[in-house]
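The shown structure was predicted, so the numbers you read here are calculated from the model rather than taken from an experiment. Here is the naming used below: chain letters follow the sequence lines, and residue numbers restart at 1 for every chain.
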2 protein chains.
Amino acid sequence: MRYSQQREVILNLIQNTKIHPTADWIYSKAKTHIPKISLGTVYRNLKKLEQDKLIATIYDGNVARYDSNMEKHDHLKCNICGDLIDINKNNIDISKTILRNFNFKVSDIEMTISGTCKKHT
Amino acid sequence: MRYSQQREVILNLIQNTKIHPTADWIYSKAKTHIPKISLGTVYRNLKKLEQDKLIATIYDGNVARYDSNMEKHDHLKCNICGDLIDINKNNIDISKTILRNFNFKVSDIEMTISGTCKKHT
DNA sequence: AAAATAAATAGTAATAATTACTATTTATTT
DNA sequence: AAATAAATAGTAATTATTACTATTTATTTT
Ligand SMILES: [Mn+2]
Ligand SMILES: [Mn+2]
Ligand SMILES: [Zn+2]
Ligand SMILES: [Zn+2]
């Protein structure tokens, strides 16, 4: 993958925030560095960075958010501000542990387990 | 909430399938019963049915799917066909149990824990 | 260093999912 | 049967994302 200033700025933005930003957030921040950058360039590079395993896409409801923490981890999602907070599996024995460790009151745990179903054996 | 034939058809369709259908799937099936039904009506009723806790919305990547199984449960998502398969928490001790019980090979477990973060205490 | 090459970009158009709007219809109450 | 307000059909608007294309630019070759 050939170097481009645009991609470097995009990756840096994602790496320097903990907010798991959306494409639009990245686009508006990137414009302060490269005023002529286009939204298409942002999306194209997000795809490439994901293919290169430099970032991961998290679908948060109906919008994609991007994460540069490539260690396997899960998230706490606040119902009020929508923040996504990184957690590690070993930390999450139960809701009580989360309340203790993160001062976060759990109301729901959603889990999606991906893989290959029996139709493809 | 006042009765409407449209809403009854929509709810019945969701209750009579295990596929966790999308709005479009519901729309096309509903048209065979009520040819003049509009897509807006489908979405409006999906929202109302959710508010009334008759169905739940599952965000599967970037599209919403609808589920009439209102018992707390999680899903296995097949990477190949995209099927969502209901599971219960007690069943999911580990990947091995899932392989045994569902003949489903786990490649990834994603978990989102919702609640209220410390900023709102 | 200049020319050649192919990848990346800007800008715009297209698509898909969802929500909003409004005149008309319909379920329910009076 | 008339009145009322909720629900609908049909369409327009919005949002997120992808596609397209002429131009620019990073890298390689001479
Ligand atoms: Mn994260
Ligand atoms: Mn389900
Ligand atoms: Zn919060
Ligand atoms: Zn499958």
K.L.:
Grab the CZ-C1' distance between A:R7 and D:dT27 for me, whole Å please.
P.N.:
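From A:R7 CZ to D:dT27 C1': 13 Å.
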K.L.:
Write down the distance between NZ (B:K47) and C1' (C:dT18), rounded to a whole number of angstrom.
P.N.:
7 Å
K.L.:
Expressed in angstrom and rounded to an integer, what is the separation of B:E8 atom CD from C:dA27 atom P?
P.N.:
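My rounded result for the distance is 12 Å.
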K.L.:
Between C:dT19 atom P and B:L39 atom CG, what is the distance in whole Å?
P.N.:
10 Å
K.L.:
Quick one, A:I34 and A:T41 - any side-chain contact, counting heavy atoms below 4.5 Å?
P.N.:
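Of all side-chain heavy-atom pairs linking A:T41 with A:I34, none is under 4.5 Å.
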K.L.:
Which base sits across from D:dT29 as a Watson-Crick or G-U pair, both distances under 3.5 Å?
P.N.:
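Pair assignment: D:dT29 / C:dA2.
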K.L.:
Taking atom types as modelled and ignoring hydrogens, do the side chains of A:H75 and A:D67 form a donor-acceptor contact shorter than 3.5 angstrom?
P.N.:
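Per modelled atom types, A:H75 and A:D67 side chains form a pair under 3.5 Å.
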K.L.:
Please state how far atom CG in B:L46 lies from atom P in D:dA7, giving the value in whole angstrom units.
P.N.:
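Distance, rounded to whole Å: 15 Å.
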K.L.:
Closest nucleotide of DNA chain C for B:Q5 versus for B:R44: which of these residues is on the 5' side?
P.N.:
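That would be B:R44.
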K.L.:
Nearest to the side chain of A:V63, which nucleotide is it out of D:dA16, D:dG10, C:dA17?
P.N.:
D:dA16
K.L.:
Can you tell me which nucleotide in C:dA17, D:dA16, D:dT8 comes closest to the side chain of B:Q6?
P.N.:
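Of the candidates, D:dT8 comes closest.
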K.L.:
State whether the side chain of A:D52 and the backbone N or O of A:L54 hold a donor-acceptor pair below 3.5 Å, judged by distance alone.
P.N.:
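Looks like no, no N/O pair under 3.5 Å.
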K.L.:
Picking from D:dA7, C:dA10, C:dT9, which would you name as closest to the side chain of A:N45?
P.N.:
C:dT9
K.L.:
Side-chain contact test, heavy atoms from C-beta onward, threshold under 4.5 Å: evaluate it for A:H20 versus A:Y66 and give yes or no.
P.N.:
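Result no, sub-4.5 Å side-chain heavy-atom pair not found.
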K.L.:
So A:I37, base contact, sugar-phosphate only, or nothing? Heavy-atom distance under 4.0 Å.
P.N.:
sugar-phosphate
K.L.:
When both hydrogen-bonding distances must be under 3.5 Å and the geometry is Watson-Crick or G-U wobble, what is D:dA2 paired with, if anything?
P.N.:
C:dT29
K.L.:
Does A:K36 place a side-chain N or O at less than 4.0 Å from the phosphate oxygens OP1/OP2 of C:dG11?
P.N.:
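The answer is yes; a side-chain N or O of A:K36 sits under 4.0 Å from OP1 or OP2.
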K.L.:
Please confirm whether the shortest side-chain N or O distance from A:T41 to OP1 or OP2 of C:dA10 is below 4.0 Å.
P.N.:
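A:T41 to C:dA10 OP1/OP2: side-chain N or O found under 4.0 Å.
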K.L.:
Without decimals, in angstroms, what is the distance between A:K48 NZ and D:dA26 C1'?
P.N.:
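For the pair A:K48 NZ and D:dA26 C1', the rounded distance is 13 Å.
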K.L.:
Can you tell me the base-pairing partner of C:dT18? Count Watson-Crick or G-U wobble geometry only, both distances below 3.5 Å, and say none if there is no partner.
P.N.:
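D:dA13 - that is the nucleotide pairing with C:dT18, both distances being under 3.5 Å.
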K.L.:
Take the protein atom OH of A:Y59 and the nucleotide atom P of D:dT15, then report the distance between them rounded to whole Å.
P.N.:
19 Å
K.L.:
Please check this pair: side chain of B:R7 against backbone of B:R2, looking for a donor-acceptor N/O pair closer than 3.5 Å.
P.N.:
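Yes, B:R7 side chain to B:R2 backbone: donor-acceptor pair under 3.5 Å.
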K.L.:
Provide the Watson-Crick or G-U wobble partner of C:dT24, both distances under 3.5 Å; none if there is no partner.
P.N.:
D:dA7
K.L.:
When the nearest nucleotide of DNA chain C is assigned to B:Y43 and to B:R2 on a heavy-atom basis, which residue is associated with the more 5' position?
P.N.:
B:Y43
K.L.:
Can any side-chain N or O of A:H73 pair as donor or acceptor with the backbone N or O of A:E71 at less than 3.5 Å?
P.N.:
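Confirmed, A:H73 side chain pairs with A:E71 backbone.
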K.L.:
Roughly, in whole Å, what's the span from CD in A:E50 to P in D:dT17?
P.N.:
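Atom CD in A:E50 sits about 12 Å away from atom P in D:dT17.
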K.L.:
Compare the minimum distances between each of D:dG10, C:dA8, D:dT18 and the side chain of A:S4, then state the nucleotide with the smallest one.
P.N.:
C:dA8
K.L.:
Which sits closer to the 5' end of DNA chain D, B:V42 or A:Y66, going by the nucleotide each is nearest to?
P.N.:
B:V42
K.L.:
Nearest to the A:D24 side chain among D:dA9, D:dA16, C:dA10, which nucleotide is it?
P.N.:
D:dA16
